[in-house]
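Within every chain, numbering begins at 1; the chains are lettered A, B, ... in the order of the sequence lines, protein sequences first and strands thereafter. Computed from a predicted structure; not experimentally measured.
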Amino acid sequence: MAEVSELIKERRRKLEGIRERGIKPYGGRFQRSHCLGEAVEIGDKVKVAGRIMALRSHGKTAFADLRDGSGQIQIYVNLDLLGEERYNLFGKLDIGDFVGVEGEVFKTRTGELTIKVENFTILSKSLRPLPEKWHGLKDVEIRYRQRYLDLIANEEVRKIFNLRSSLIKVMRQWLDERGFLEVETPMLQPIPGGAAGKPFRTHQDTLEMDLYLRIAPELYLKRLLVGGFEKVYEINRSFRNEGISTRHNPEFTMLEVYQAYADYQDMMKLAEELITHLAESLLGGIKFTYQGMEIDLTRPWRRLTFHQALKENYGVDIEEEDIKSLTEKIRSAGVKLEGEKVTRTALIRLLEKSLSSTSPTFVIDYPAFLCPLAKKKDESRAERFELFMGGCEIANAYSELNDPIEQRQRFQEQKLTDEEEELRGHHESKNPLDQTCSQEKMIDEDFIRALEYGMPPAGGLGLGIDRLIMLFTDSPSIRDVILFPQLRPEK
RNA sequence: GGGCCGCUAACUCAUCUGGUAGAGUACCGGCCUUUUAAGCCGGGUGUACUGGGUUCGAUCCCCAGGCGGCUCACCA
């Protein structure tokens, strides 16, 4: 720190002033009688603590607004009450400092309940000025980098993260009540599976082996179905080393649920009921607005086959057309494609465009080649759905493929197409990490072995929690619902 | 990774066509013993993201870089 701003120097001077009086500017435990959100009445003797959010000094008297995690209250100090020494010490306090106060509640002339401070304790001296009180903190870069400031300055942001916590709590409760068992499966995986996407690679020194941060928990949760657990779920982070956008953060939170003897139809019901329940308990209703779009969760939600969705909206017949006319039509619909490759993402973009202003829609029965882990409905289609809402992909589910022989074949086909793409030169990457890409397509032999022991038929559902919270809080970017989104380091 | 846009005081923002930066809040000093976006008087506290270039002169124009936002691409 070469240059320290005048404001910081000034606060350090005050800090020294406090120390010179033999007072510790960083206190310890402070026993409170009340939280600031609790109701108090005139005459109550209270002992509270919090951060000074505003100061109005009048010479021989002063008011300050004190805030803690539960609420805010005004405090009042005056010279007669505190004596000169203590009163001058109070003058060393700034907006941002933590202070504990003790006194009696009274009502001011303007009718505000206020604590008349008889004694106060400095709990923490703040050395940096807080963002401006009226306009708050708007600079998104500072908001994301220094989330603590965002939380201090912007109440709506605190509300978002409170809702996030409640949502996960309610979700757990709902699943627990229905007999689902919450489990934790490896984040560090020797073979990352269960989804697409480039994994993050790391290394375990003792075992002298490379490991990958999981891109999905799927293959481990299915092993638990093999093991005899019939209803399991996991709420936790997955990691994908892909592009970052308003809907993608390298680490994101997913719910994955598996239920034995069920299928994707059951998962549709589960998704409907769970999300409706979340909306009712957190938003107080099943209608809300996301970025100007009216979203209505009234059941049953629309079901649309993948085939229909593309045909109706774009005249694209995925079962009839060859790659060339398919890519042409996708392009003319305004979705860009790299090369001649029809990716799952391109198709999803297409769907998102047409479903963007609608209430929840299940797009069902995907082309089987797009879902190697799903049970086939017939030759070309798989029992899979994706749930779209507010123009965003929220959930994804299958009737889980439990035939070990077919599973191996489907993995191999997948591997083949990846190799084909390689040959076609679509992977002209010089990134050394891409070497792991071929590795990561390795078949998870233990997963196949588990299936060979027998996995009951099951439905499985993955739900993007961050995205659901975006919808519920009307947040335009996933960064608004993740406390510390990934950013490049400063300087 | 590509395209577009942005970066000015601690914060929120101005600064016209290139003439050397200014408001509010915050902060400092003064007055003020019930204020609440307290008030009144006085004070501008600055590496204009960084580094080059053009120019008599650059916050402004040009080039390179950094960080961020949006968007496109990638994400069985």
Visitor: Across all strands, who's sitting opposite B/rC67 as a Watson-Crick or G-U wobble pair, both distances under 3.5 Å?
Guide: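 Check on B/rC67: paired to B/rG6, both distances under 3.5 Å.
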Visitor: Is the shortest side-chain N/O distance from A/R247 to OP1 or OP2 of B/rC72 below 4.0 Å?
Guide: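 Answer is no, no contact under 4.0 Å.
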Visitor: Need one value for A/T61: base, sugar-phosphate or nothing, where a base atom within 4.0 Å counts as base even if backbone is also close, heavy atoms only.
Guide: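 Result for A/T61 = sugar-phosphate.
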Visitor: Can you tell me, in whole Å, how much space there is between the P of B/rC61 and that of B/rC7?
Guide: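 Between the two P atoms, the distance is 10 Å.
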Visitor: Hydrogens and angles aside, do A/D210 and A/Y212 bring a side-chain donor and acceptor to less than 3.5 Å of each other?
Guide: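 The criterion, which ignores hydrogens and geometry beyond distance, is not satisfied for A/Y212 and A/D210.
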Visitor: Counting side-chain heavy atoms from C-beta on, which of B/rG24, B/rG69, B/rU34 comes nearest to A/Y144?
Guide: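 Selected nucleotide: B/rG69.
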Visitor: Quick one: closest heavy-atom pair of A/Y87 and A/K60, and the distance?
Guide: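 Taking A/Y87 first and A/K60 second, the nearest heavy atoms are OH-C, 3.1 Å.
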Visitor: Relative to A/F120, does A/R86 satisfy both conditions: NZ or CZ under 6.0 angstrom from the six-membered ring centre, and within 45 degrees of the ring's axis?
Guide: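 Yes.
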Visitor: Below 30° counts as parallel, above 60° as perpendicular, anything between as tilted: where do the rings of A/H58 and A/F63 land?
Guide: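 Taking A/F63 first and then A/H58, their aromatic rings stand perpendicular (interplane angle over 60°).
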Visitor: What nucleotide, of B/rU35, B/rG68, B/rA76, holds the atom closest to the side chain of A/H58?
Guide: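 Of the options given, the side chain of A/H58 lies nearest B/rU35.
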Visitor: Using purine N1 to pyrimidine N3 plus N6-O4 or O6-N4 for Watson-Crick, or N1-O2 and O6-N3 for G-U wobble, both under 3.5 Å, which nucleotide pairs with B/rG22?
Guide: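 Check on B/rG22: paired to B/rC13, both distances under 3.5 Å.
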Visitor: Quick check on B/rC27: is either OP1 or OP2 less than 4.0 Å from any side-chain nitrogen or oxygen of A/K9?
Guide: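 For A/K9, the contact criterion (side-chain N or O under 4.0 Å from OP1 or OP2 of B/rC27) is not met.
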Visitor: Between A/R11 and B/rA10, is there a side-chain N or O to OP1/OP2 distance below 4.0 Å?
Guide: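 No, because none of the side-chain N or O atoms of A/R11 sits under 4.0 Å from OP1 or OP2 of B/rA10.
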Visitor: Side-chain N or O of A/S57 versus OP1/OP2 of B/rA38: is the shortest distance under 4.0 Å?
Guide: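 No, because none of the side-chain N or O atoms of A/S57 sits under 4.0 Å from OP1 or OP2 of B/rA38.
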Visitor: Given B/rG68, B/rU71, B/rC11, which nucleotide is nearest the side-chain atoms of A/R488?
Guide: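 Looking only at side-chain atoms, A/R488 lies closest to B/rG68.
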Visitor: Side chain of A/A196 only, please: which of B/rA76, B/rC28, B/rA26 is the nearest?
Guide: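 Closest of the options to the side chain of A/A196: B/rA76.
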Visitor: Does any donor atom in the side chain of A/R214 or A/T185 lie under 3.5 Å from an acceptor atom in the other side chain?
Guide: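 Judged by distance alone, the side chains do pair up.
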Visitor: Find which nucleotide of RNA chain B each of A/G194 and A/V335 is nearest to by heavy atoms, and output the residue with the more 5' nucleotide.
Guide: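 First, find each residue's nearest nucleotide; the 5'-ward one identifies A/V335.
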Visitor: Now, which nucleotide makes the Watson-Crick or G-U wobble pair with B/rG39, with each of the two distances under 3.5 Å?
Guide: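 B/rC31 is the nucleotide pairing with B/rG39.
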Visitor: Using the P atom as the reference point in each nucleotide, state the distance between B/rA9 and B/rU59 in Å, no decimals.
Guide: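 Per the computed distance, 14 Å lies between those P atoms.
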Visitor: Within the structure, does a side-chain N or O atom of A/K133 lie under 4.0 Å from either OP1 or OP2 of B/rC11?
Guide: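 So the side-chain polar atoms of A/K133 never come under 4.0 Å of the phosphate oxygens OP1 or OP2 of B/rC11.
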Visitor: Spell out yes or no: do the side chain of A/E112 and the base of B/rU34 have one donor N/O and one acceptor N/O closer than 3.5 Å?
Guide: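 Counting by modelled atom types and ignoring angles, no donor-acceptor contact under 3.5 Å is found here.
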Visitor: Whether A/R56 contacts B/rU35 is assessed here as follows: a side-chain N or O lying under 4.0 Å from the phosphate OP1 or OP2. Is that the case?
Guide: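 Indeed not, no polar side-chain atom of A/R56 lies that close.
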Visitor: B/rC72 phosphate, OP1 or OP2: any side-chain N/O from A/R349 under 4.0 angstrom?
Guide: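 Looking at the OP1 and OP2 atoms of B/rC72, one of them is under 4.0 Å from a side-chain N or O of A/R349.
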Visitor: Which part of the nucleic acid does A/G111 contact within heavy-atom distance under 4.0 Å: base, sugar-phosphate only, or nothing?
Guide: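 Touches nothing.
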Visitor: What integer number of Å spans the C1' atoms of B/rG18 and B/rU54?
Guide: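 Those two atoms are separated by 12 Å.
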